[in-house]
Amino acid sequence: MEYDNTCKYLAENYPDEFAKWLLSSETSDILVIKTELSLEPIRADSVTFLQVANQILHLEFQTLAQSTPPLDFRMLDYYTRLKRQYGCEIVQVVIFLQATTSELVFRQQYTDTNTRHEYRVIRLWEEDPTPLLANPALLPLATLARSDSPRALLEQVAAGVATIEETTERQNILACAGVLAGLRFKKDLIQQLLREEIMQESVIYQDILQKGEQRGLQQGLQQGEVALILRLLRLRFGDINPEEQEQIRGLSIPQLEELAEALLDFSSQTDLVSYLAAIESSAI
C-alpha cells in the first residue's frame with residue numbers, strides 16, 4: 001500500500017507535471033478532484049483524478065497485476081461514473097510499478113458480450129528514464145524505469161534529488177524515491193545512495209509510518225476478533241473446516257463483529273457455511 005500512496009502523493013502534489021508527461025499538456029490550470037464517485041466507493045489501490053481544461057486524467061497506480069474486482073472492469077466502471085458526473089473527455093492511464101511477466105499488465109481493454117472499453121497502460125520497467133530524470137517531481141518513478149545498469153540509474157536519481165533547492169521538497173521527493181526504489185533495489189543500496197536521515201524528516205515518510213502503525217493496530221484487532229470467533233465456534237460445533245477458517249480470517253472487523261452476534265443463533269456448522277456464502281456473494 002505504501003507504494004500506491006507514494007504515487008498518489010506525487011500525482012496530487014505535482015498534477016501539472018503528470019499532465020505534461022502523460023498528456024503533453026502545458027497548462028498549469030489543473031484541479032485535483034475528489035477520488036470517490038457517486039454510488040458506493042470503488043475499492044482501488046490508488047486512484048487520482050486530475051481535471052485539465054475540459055478533460056479528466058484518471059491515473060491508476062498498480063503494484064500488483066491481479067486485483068479484485070479485476071482492473072479492466074474497474075476502469076470501465078470508473079469511466080462510466082466519471083462520464084455521467086462530469087460529461088467531458090476522459091483519459092485513463094494505468095501505471096504498473098513492479099516488473100512482472102503476467103499477461104494482465106499487457107491487457108489494455110475490457111471486453112464483454114456487447115462492450116469494449118480501452119485505456120492506456122504504462123509498464124514503468126519498459127519506460128525510457130530520460131523524461132522522468134529531467135523532472136524533479138517524476139524522479140521517484142525513474143527508479144523503476146528501463147535500465148541496463150539499475151545501480152547507475154539509482155545514482156542518477158540521487159543526483160537529481162540533490163539538485164532540488166527547496167529543503168522540504170527535496171526531503172519529500174527523496175522519501176518517495178526511497179519508497180518506490182524498494183520495489184527494485186535492496187535496502188542497503190537504497191540507504192547507501194539515498195540518505196535515510198533526510199528521508200525520515202519528510203512528510204511522506206512520516207505519513208507512511210503513521211499509516212503503517214494504524215494498519216498494525218487494525219491487524220491486531222482483526223486477529224483478536226478472529227481468534228475469539230474461532231474459539232466460540234469450536235466450543236459449540238467442534239472442529240471447523242479449514243475453508244471456513246480461511247474465510248473468517250479474511251473478514252473485516254465490522255464483518256467479524258456481525259458474525260460474532262449472528263453465531264449465537266447458529267444451530268450447526270451448516271448455518272456458518274450459509275452465512276459465509278452470503279457474505280461472499282454480497283461482495284461480488
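If you're wondering where the values come from, they're calculated on a predicted model, not measured in any experiment. Along the sequence shown, residues are numbered consecutively beginning with 1.
Checking side-chain atoms of S274 against main-chain N and O of T270 turns up a donor-acceptor pair under 3.5 Å. Judged purely by atom type and a 3.5 angstrom limit, N135 uses its side chain to pair as donor or acceptor with the backbone of A137. For the pair R120 (side chain) and L22 (backbone), a donor-acceptor distance under 3.5 Å is present. For T143 (side chain) and P140 (main-chain N/O), a donor-acceptor pair under 3.5 Å exists by modelled atom type. Using a distance-only test at 3.5 Å, with no hydrogens or angles considered, a donor-acceptor pair links the side chain of R236 to the main chain of L263. In this structure, Q92 contributes its side chain and M75 its backbone to a donor-acceptor pair below 3.5 Å. Here the side chain of R123 pairs a donor or acceptor atom with the backbone of V105 at under 3.5 angstrom. With E17 contributing its side chain and Y14 its backbone, the two residues share no donor-acceptor pair below 3.5 Å. When atom types are taken as modelled, the side chain of K83 and the backbone of I90 share no donor-acceptor pair closer than 3.5 angstrom. Put simply, the side chain of Q245 gets close to the backbone of I240: a donor and an acceptor are under 3.5 Å apart.
With respect to the salt-bridge test (charged N to carboxylate O, under 4.0 angstrom), the residues E166 and R170 do not qualify. A salt bridge links E60 with R74: the distance from a Lys NZ or Arg NE/NH1/NH2 to an Asp or Glu carboxylate oxygen falls below 4.0 Å. A salt bridge is defined here as a Lys NZ or Arg NE, NH1 or NH2 lying under 4.0 Å from an Asp or Glu carboxylate O, and E12 with K8 meets this definition.
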### Task
Before giving the answer on side chain to side chain contact (heavy atoms under 4.5 Å, CB included), spell out for D271 and F237 the whole-Å C-alpha distance, their side-chain angles and the decisive distance to 0.1 Å.
CA-CA 11 Å; D271 294 325; F237 308 122; over 6 Å; no
### Message
One pair to check against side chain to side chain contact (heavy atoms under 4.5 Å, CB included): Y119 and V93. What are the steps and the verdict?
### Response
CA-CA 6 Å; Y119 49 89; V93 183; over 6 Å; no
### Message
Quick one, E89 with I56, criterion side chain to side chain contact (heavy atoms under 4.5 Å, CB included). Give me CA distance, side-chain angles, the key distance, then yes/no.
### Response
CA-CA 6 Å; E89 180 186 357; I56 288 178; over 6 Å; no
### Steps toward side chain to side chain contact (heavy atoms under 4.5 Å, CB included) verdict (S147, R184)
CA-CA 12 Å; S147 177; R184 185 178 198 177; 4.2 Å; yes
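Separation of atoms CG (L259) and CG (L233) is listed at 6.5 Å; rounding is to 0.5 Å. Here the CD-CZ distance, from E118 to R116, works out to 4.5 Å after rounding to the nearest 0.5 Å. To the nearest 0.5 Å, the span separating CG on L124 from SG on C7 amounts to 7.5 Å.
With hydrogens and angles left out, the side-chain atoms of Q191 and D188 include no donor and acceptor closer than 3.5 Å. For the residue pair T168/Q171, the side-chain donor-acceptor check at 3.5 Å is not satisfied.
Atom CD of E243 is surrounded by more than 12 heavy atoms from other residues, nucleotides or ligands within 6.0 Å. For D239, the CG atom counts as loosely surrounded, since its 6.0 Å shell holds 12 or fewer non-hydrogen atoms of other residues, nucleotides or ligands.
Relative orientation of the H117 and Y79 rings is tilted, given thresholds of 30° and 60° on the angle between their planes. Using cut-offs of 30° and 60° for the angle between ring planes, the W21 and F18 rings count as perpendicular.
Side chains of I229 and L256 form a contact here, defined as non-hydrogen atoms less than 4.5 Å apart.
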